[in-house]
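All residue numbers in this chain count up from 1 along the given sequence.
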Amino acid sequence: MTTSPRGPDPLATLGPARLPSPLHEVHDDRFTAYGVRLLLKRDDLIHPRVIGNKWRKLTPHLRAMAADGTGTLVTVGGAYSNHLRAVAAAGDLLSLRTVGLVRGDELARRPLNPSLARCAADGMRLHFVSRSEYRTRHDTAFARAVRERFGPARLVPEGGSDPLAVRECAELGRELAAAHPRPDVVALACGTAGTLAGLAAGLGPEQRALGVPVVRGAALGDAVRRLQDAAFGGRRGRWELAEGFEHGGYGRTPPELLAFAADFADRHGVPVEHQYVAKLLHALVELTRRGAFGHGTVLAAVVTGRPDDPRAPDLDNSTPASGI
């Protein structure tokens, strides 16, 4: 029996992806003083434009679109959404029509911030919706209205978090389960919980995932359980949330957080994105100080994005911790 040859990769025009993403150790006395080793899982280096965990969450949708011939992708997000930026970049590279439904109709009367300006430059059509309408984004009536307005389209949820993306993000856990040194705890910042749900499923039984929410009152624990039920039929892996490190909520970056991010970048040559990664790293410094991680813990932080500033250096000066 013969099999037909595999066809060309429908995502080839995106360019190569750096997978598994690098895992590097950084030496920081705020961790070493407590006997904790800090590793950085550099998902921000996977792809130059479809950045970070967004590559993992979007590529299964993009493959599905190539398979069924859908030419339009519609998604939702806030004014600083890394997800919207990644969707716009992927659409530009693949010549897909992209539409972003942005929370806050008042923003239509203001200049675009750098994140939304980047989306528009990559060809995304931006539509600003009221906050009350945005709260209905999970309803079937919302999806029906989107398709009535924009025609046949693939509707990807906020943050790209759905069962398809969760199953793809389990590969992140498997990469870290096979790493040397093997982290005991893997931490990441959470907005919609899809990456955390997949990460936990892919880790080894002795490892645990730690999510640091960047949104207040988002019920992310319920979201993880719901996403894992839909993706795997039940709970998978060990995970928990470390709340209280939102720094005022999503999109808020107080001066002390910006100073922390700049200091970390200066110490380690790693550009620190402010909405997610800075809050994650700040939380890990504080949790380590409080004794949350025992002496000898190997702690990995997933760097899920890069700064908005296009002048940010593409530095990779930390010490390799493994062959991945």
Checklist entry - Going from CG on Leu40 to CZ on Arg42, what distance comes out if it is rounded to the nearest 0.5 angstrom? => result 6.5 Å
Checklist entry - Does a side-chain heavy-atom distance below 4.5 Å link Arg125 with Arg97? => result yes
Checklist entry - Would a distance-only check, ignoring hydrogens and angles, find a side-chain to backbone donor-acceptor pair under 3.5 Å from Thr75 to Val156? => result yes
Next on the checklist: Taking Asp9 first and then Arg63, would you say they form a salt bridge - that is, a charged N and a carboxylate O separated by under 4.0 Å?
Outcome noted: yes
Next on the checklist: Side-chain heavy atoms nearer than 4.5 Å, only ILVMFWY residues, links allowed to pass through others: does that put Tyr34 and Val185 together?
Outcome noted: yes
Next on the checklist: As a quick check of understanding, evaluate side chain to side chain contact (heavy atoms under 4.5 Å, CB included) for Arg118 and Leu84, giving each step before the final call.
Outcome noted: CA-CA 9 Å; Arg118 181 70 262 170; Leu84 289 182; over 6 Å; no
Item to check | Residue of the set Leu176, Leu210, Val166, Asn53 for which side-chain contact (heavy atoms from CB on, under 4.5 Å) holds with Leu199 | outcome: Leu176
Checklist entry - How many angstroms lie between CD in Glu133 and CZ in Phe128, if you round to the nearest 0.5 Å? => result 13.5 Å
Next on the checklist: Are there over 12 heavy-atom neighbours, none belonging to Arg216, within less than 6.0 Å of that residue's CZ?
Outcome noted: no
Checklist outcome for this item: To the nearest 0.5 Å, atom CZ of Phe31 lies from atom CZ of Phe293 at 8.0 Å
Checklist entry - Looking at Leu73, Val50, Thr70, which hits side-chain contact (heavy atoms from CB on, under 4.5 Å) with Leu62? => result Leu73
Item to check | Geometric class of the Phe260/His282 ring pair [parallel <30°, tilted 30-60°, perpendicular >60°] | outcome: perpendicular
Item to check | side chain to side chain contact (heavy atoms under 4.5 Å, CB included) between Trp55 and Leu19, worked out | outcome: CA-CA 10 Å; Trp55 174 277; Leu19 288 170; 3.7 Å; yes
Checklist entry - Is Glu206 paired with Arg182 through a side-chain N to carboxylate O contact shorter than 4.0 Å? => result yes
Next on the checklist: Treating Asp162 as the side-chain partner and Ala165 as the backbone partner, does any N or O pair qualify as donor plus acceptor under 3.5 Å?
Outcome noted: yes
Next on the checklist: Let me confirm one number: the CG-CG distance from Asp263 to Asp28, rounded to the nearest 0.5 Å.
Outcome noted: 8.0 Å
Item to check | Sidechain-backbone polar pair: His47 side chain, Arg49 backbone, donor-acceptor under 3.5 Å | outcome: yes
Item to check | Asp184 side chain to Val298 backbone, donor-acceptor under 3.5 Å | outcome: yes
Checklist entry - Can you tell me if Asp92 uses its side chain to pair, donor with acceptor, with the backbone of Gly123 under 3.5 Å? => result no
Item to check | Donor-acceptor contact below 3.5 Å, side chain Tyr276 vs main chain Gly191 | outcome: no
Next on the checklist: Would you compute the distance between atom NE2 of His83 and atom SG of Cys119 and round it to the nearest 0.5 angstrom?
Outcome noted: 10.0 Å
Checklist entry - Any donor-acceptor pair under 3.5 Å linking the side chain of Thr297 with the backbone of Leu299? => result no
Next on the checklist: Quick test of your reading of the model: are Arg226 and Asp222 salt-bridged, counting only N-O distances below 4.0 Å?
Outcome noted: no
Next on the checklist: Test side chain to side chain contact (heavy atoms under 4.5 Å, CB included) on Leu203 and Arg208; report intermediate values, then the result.
Outcome noted: CA-CA 7 Å; Leu203 290 174; Arg208 64 183 171 97; 5.8 Å; no
Checklist outcome for this item: side-chain contact (heavy atoms from CB on, under 4.5 Å) with Leu126: of Val99, Leu107, Leu116, only one passes, and it is Leu116
Checklist entry - Are Leu196 and Leu188 close enough, and set up right, to give a side chain to side chain contact (heavy atoms under 4.5 Å, CB included), and what steps lead you there? => result CA-CA 7 Å; Leu196 176 61; Leu188 79 165; 3.8 Å; yes
Checklist entry - Linking I/L/V/M/F/W/Y whenever their side-chain heavy atoms sit closer than 4.5 Å, directly or via other members, would Leu58 and Leu94 fall into one cluster? => result yes
Item to check | Atom CZ of Arg252 with >12 non-hydrogen neighbours under 6.0 angstrom | outcome: no
Item to check | Expected output: side-chain Gln228 to main-chain Arg225 donor-acceptor under 3.5 Å | outcome: no
Item to check | Side-chain donor or acceptor of Arg103 paired with backbone N/O of Gly77 under 3.5 Å | outcome: no
Next on the checklist: Both conditions, 6.0 Å and 45 degrees, for the charged tip of Arg137 above the ring of Phe142: are they met here?
Outcome noted: no
Item to check | Positive for side-chain contact (heavy atoms from CB on, under 4.5 Å) with Glu171, one of Arg167, Glu168, Glu175 | outcome: Glu175
Item to check | Basic-acidic side-chain contact under 4.0 Å: Asp44, Arg18 | outcome: no
Checklist entry - Between the side chain of Glu246 and the main-chain N/O of Gly244, is any donor-acceptor distance below 3.5 Å? => result yes
